[in-house]
> 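Mind having a look at this structure? Questions to follow.
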Amino acid sequence: MTLKIYGVLRSRATRPVWAAKELGLAYELIPVIQSYRLKDAAAADAPLNTASPAFLKVNPAGQVPSLDDDGFVLHESLAISLYLARKQGGPIAPANLREEAQMVQWSLWAATGCEAKALQILYNSGPAGDAALRQDGIEALKRPFTALNAALAAGGGYLVGGRFTVADINVAEIVRYAQPATALIDAYPNIKAWIATCQSRPAFKAMMVERDQEPA
Ligand SMILES: N[C@@H](CCC(=O)N[C@@H](CS)C(=O)NCC(=O)O)C(=O)O
């Protein structure tokens, strides 16, 4: 049975979708939009959304993405990407237990140490953004980005195993949120080169083309 990924690409569903494309896995993207993006998420004609009873049966937490792999249901974008890589194998997957542990480590590091501040930059970089919050995000990311920059130098330009892996997908999709702070990224040349390499991959580009076709 084809994998089902619930979510839209203007969400953290980008992570498992990018991973699935890298892995050559067939999947069906079942569009589930965030309820807060709708005027009336409970309206009879509302599209399937994170507050829809039908979706809450899939993920009672009411968040996307979720995965259904032949009845095996999994939530959390980073866990789903790691699962897909482990399931399919190949160069982006962990080659052994230690690599797997490092991929989990980097994913948790990015989710707990970078994501909130990177989102703070993203949400406050437009004309209506709060400049102080944006700057706070930039300041907070300097320490983790110093560590990431050094790790990329030590790792030959990648996070794990000296090659592009699912760890790069998971972390790059969090660092992407901080990219509007161009001076921040420019201050870390290894991060700048790495994110450009990750985002030049055909699977990432294909995912972003599909994302850009979704309503804003
Ligand atoms: N840690 C979760 C976060 C999931 C999450 O916050 N998803 C957002 C979209 S990116 C969502 O579904 N929001 C809808 C809501 O909270 O109602 C993950 O990485 O999957």
Side-chain angles (χ1 to χ4, degrees), residues 3-23 25 27-43 46-69 72-87 92 100 103-126 129 133 137 140-141 144 148 159 165-180 198 204 207-208 210-216:
L3 296 167
K4 289 182 188 149
I5 299 175
Y6 293 86
V8 286
L9 290 174
R10 294 186 187 278
S11 83
R12 292 169 175 88
T14 55
R15 302 157 186 184
V17 166
W18 182 3
K21 286 186 187 299
E22 291 280 357
L23 292 159
L25 283 165
Y27 66 90
E28 181 189 357
L29 184 64
I30 299 178
V32 180
I33 193 169
Q34 297 93 329
S35 58
Y36 61 76
R37 291 175 58 195
L38 298 171
K39 253 197 194 119
D40 183 1
L48 187 63
N49 64 78
T50 50
S52 300
F55 179 66
L56 290 171
K57 282 189 193 147
V58 177
N59 184 0
Q63 290 188 321
V64 289
S66 292
L67 173 81
D68 184 339
D69 180 9
F72 173 64
V73 177
L74 190 66
H75 316 300
E76 288 296 324
S77 58
L78 304 175
I80 297 170
S81 303
L82 292 164
Y83 167 77
L84 293 179
R86 182 78 162 67
K87 173 186 166 81
I92 81 158
E100 186 164 8
M103 291 177 190
V104 171
Q105 171 209 276
W106 277 113
S107 301
L108 292 174
W109 173 85
T112 58
C114 300
E115 187 166 40
K117 295 298 179 181
L119 282 170
Q120 203 171 298
I121 292 172
L122 183 70
Y123 293 150
N124 290 289
S125 288
L133 280 177
L141 285 179
L148 176 60
L159 291 173
T165 69
V166 68
D168 298 293
I169 293 177
N170 281 351
V171 178
E173 274 302 274
I174 288 173
V175 171
R176 177 164 65 84
Y177 300 148
Q179 279 183 289
C198 292
F204 174 82
M207 185 268 291
M208 288 306 271
E210 289 168 21
R211 181 182 180 277
D212 291 344
Q213 285 162 358
E214 287 186 354

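Both ligands and their constituent atoms are indexed starting at 1 by order of listing. FYI, the numbering just counts along the sequence from 1.
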> What atoms of ligand 1 come within less than 4.0 Å of a heavy atom belonging to P65?
20 (O)

> Do S77 and R15 meet the criterion of a side-chain donor-acceptor pair at a distance under 3.5 Å?
yes

> Looking only at distances, please establish whether an N/O atom of ligand 1 is found under 3.5 Å from an N/O atom of Q34.
no

> Is the closest N or O pair between Y36 and ligand 1 shorter than 3.5 Å?
no

> If you have a sec, work out which protein heavy atom is nearest atom 18 (C) of ligand 1 and how many Å separate them, to one decimal?
E76 OE1, 3.3 Å

> For atom 16 (O) of ligand 1, find the nearest protein heavy atom and state the residue, atom name and distance (0.1 Å precision).
Q63 NE2, 3.6 Å

> Could you see which bit of S11 sits under 4.0 Å from ligand 1, with heavy atoms only: side chain, backbone, both or neither?
both

> So, applying side chain to side chain contact (heavy atoms under 4.5 Å, CB included) with W106, which one of I174, N170, L148, L78 is it?
L148

> For ligand 1, which atoms, with element, lie under 4.0 Å from some heavy atom of S35?
17 (O)

> Quick one: are V32 and S52 in side-chain contact, heavy atoms under 4.5 Å?
no

> Test your reading of the model: is there a side-chain donor-acceptor pair from E214 to the backbone of V8, 3.5 Å cut-off?
no

> Mind checking whether T50 has a heavy atom under 4.0 Å from ligand 1?
yes

> Under a 4.0 Å heavy-atom limit, does V64 contact ligand 1 with its side chain, its backbone, both, or neither?
both

> Which residue owns the protein heavy atom closest to atom 15 (C) of ligand 1, what's the atom, and how far is it?
G62 O, 3.7 Å

> Closer than 3.5 angstrom, by distance alone: can the side chain of D168 be matched with the main-chain N or O of L159 as a donor-acceptor pair?
yes

> Is any side-chain heavy atom of L48 closer than 4.5 Å to one of P31?
no

> Tell me, which protein residue and heavy-atom name are nearest atom 5 (C) of ligand 1, and how many Å apart are they?
R12 NH1, 3.3 Å

> Rounded to the nearest 0.5 Å, how far does CZ of F55 lie from OG of S66?
4.0 Å

> Which protein heavy atom lies closest to atom 20 (O) of ligand 1, and at what distance to 0.1 Å?
S77 N, 2.8 Å

> Should E173 and R176 count as an ion pair when the cut-off is N to O under 4.0 Å?
yes

